[in-house]
Enquirer: 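My questions will all concern the structure given below.
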Amino acid sequence: MSNQNDLDDQLYILLASMKEYREAIADDNKRLEAFYREVASGVLGKAEKSLENANKKHIGALNNSIQQLNQATNKLNSKFITIFASTFVAVMMVFILAIFLYVPSKDEIDERRADMAVLKKYPLQIRESDGETLVRIMTKKCYSFEPSNTEEKTYDWCQIDPKKD
């Protein structure tokens with residue numbers, strides 16, 4: 001029996017040592033998990049900080065680029081507005097100048113209408129030749145409305161020669 005007791009004692013010692021090893025392994029697992037958590041959180045923390053720094057740098061660079069782009073856009077808008085406004089003013093000036101040069105005044109229009117009213121009373125002989133409008137006049141009955149003291153009078157007012165029906 002003594003062998004049996006020795007064997008039981010050895011088994012008991014073996015079981016006790018196995019229990020201690022299990023507890024040591026469990027403690028080691030807990031310490032390893034804590035270490036991994038600490039390492040992982042440290043690595044993640046450093047990665048987050050480096051990403052934040054990189055993001056801040058990139059955001060700063062983008063903001064600078066956006067400001068430069070806005071300034072360039074404002075300059076372009078100013079140049080475009082200036083060019084457009086000056087072109088518009090030039091076109092309007094040409095248009096107004098054309099009106100003054102090519103459209104007769106109201107007085108001139110009224111004078112032409114009065115002349116036409118006088119001319120419509122008579123059946124005139126009108127002909128076009130070489131792009132000029134010609135009217136038949138009586139050359140022997142021409143008058144001058146210039147003062148009598150001028151040396152060379154121009155007799156450019158002549159009586160019309162109406163059609164004889």
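The shown structure was predicted, so the numbers you read here are calculated from the model rather than taken from an experiment.
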Enquirer: May I ask you to say whether Arg112 pairs ionically with Asp115, meaning some side-chain N is under 4.0 Å from a carboxylate O?
Expert: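 Result for this pair is no, no salt bridge flagged.
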
Enquirer: Given Ile109, which of Glu111, Lys106, Arg113 fulfils the side-chain contact (heavy atoms from CB on, under 4.5 Å) condition?
Expert: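 Looking at Glu111, Lys106, Arg113, the match for Ile109 under the side-chain contact (heavy atoms from CB on, under 4.5 Å) is Arg113.
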
Enquirer: Distance check, rounded to the nearest 0.5 Å: Phe95 atom CZ versus Phe88 atom CZ?
Expert: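 Those atoms lie 10.5 Å apart.
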
Enquirer: Hydrophobic clusters join Ile, Leu, Val, Met, Phe, Trp and Tyr when side-chain heavy atoms are under 4.5 Å apart, directly or via other members; which others share one with Leu101?
Expert: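 The other cluster members (ILVMFWY side chains, heavy atoms under 4.5 Å, direct or chained) are Leu97, Tyr102.
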
Enquirer: Would you kindly confirm whether Tyr36 and Val43 end up in one hydrophobic cluster when ILVMFWY residues are joined by side chain heavy atoms under 4.5 Å apart?
Expert: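 Yes, because Tyr36 and Val43 connect within a single hydrophobic cluster, where side-chain heavy atoms sit under 4.5 Å apart.
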
Enquirer: Can you measure from OG1 (Thr73) to CZ (Phe80) and round to the nearest 0.5 angstrom?
Expert: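 Output value for this atom pair is 13.5 Å.
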
Enquirer: Is it the case that more than 12 heavy atoms not belonging to Glu132 sit under 6.0 Å from its CD atom?
Expert: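 12 or below, so no.
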
Enquirer: Between Asp28 and Arg31, is any pair of side-chain heavy atoms under 4.5 Å apart?
Expert: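 Side chain of Asp28 against side chain of Arg31, heavy atoms only: contact under 4.5 Å found.
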
Enquirer: Picking from Leu69, Asn70, Asn64, what satisfies side-chain contact (heavy atoms from CB on, under 4.5 Å) with Ile66?
Expert: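 Answer to the side-chain contact (heavy atoms from CB on, under 4.5 Å) test with Ile66 among Leu69, Asn70, Asn64: Asn70.
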
Enquirer: Once you round to the nearest 0.5 Å, how far does CG of Leu32 lie from CD1 of Ile25?
Expert: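 Nearest 0.5 Å value for the CG-CD1 distance: 11.5 Å.
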
Enquirer: Calculate, to the nearest 0.5 Å, the distance between atoms CD1 and CD belonging to Ile59 and Glu52 respectively.
Expert: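 With rounding to 0.5 Å, CD1 (Ile59) is 10.0 Å from CD (Glu52).
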
Enquirer: My understanding is that only residues two or more places apart in sequence, or in another chain, count here; which of them pass side-chain contact (heavy atoms from CB on, under 4.5 Å) with Leu44?
Expert: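 Partners of Leu44 under the side-chain contact (heavy atoms from CB on, under 4.5 Å) test: none.
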
Enquirer: Hey, quick one: are Ile83 and Val91 part of the same hydrophobic cluster, counting side-chain heavy atoms closer than 4.5 Å, chains of contacts allowed?
Expert: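 The answer is no; the residues belong to distinct hydrophobic clusters.
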
Enquirer: To the nearest 0.5 angstrom, please state how far the CG atom of Leu15 sits from the CZ atom of Arg22.
Expert: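 Here the rounded value is 8.5 Å.
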
Enquirer: In Å, rounded to the nearest 0.5 Å, how long is the span from NE2 of His58 to CG of Asn53?
Expert: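 The distance works out to 10.5 Å.
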
Enquirer: Could you check whether atom CD of Glu23 has more than 12 heavy atoms from other residues, nucleotides or ligands sitting under 6.0 Å from it?
Expert: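 Yes, because the 6.0 Å sphere around CD of Glu23 holds more than 12 heavy atoms from other groups.
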
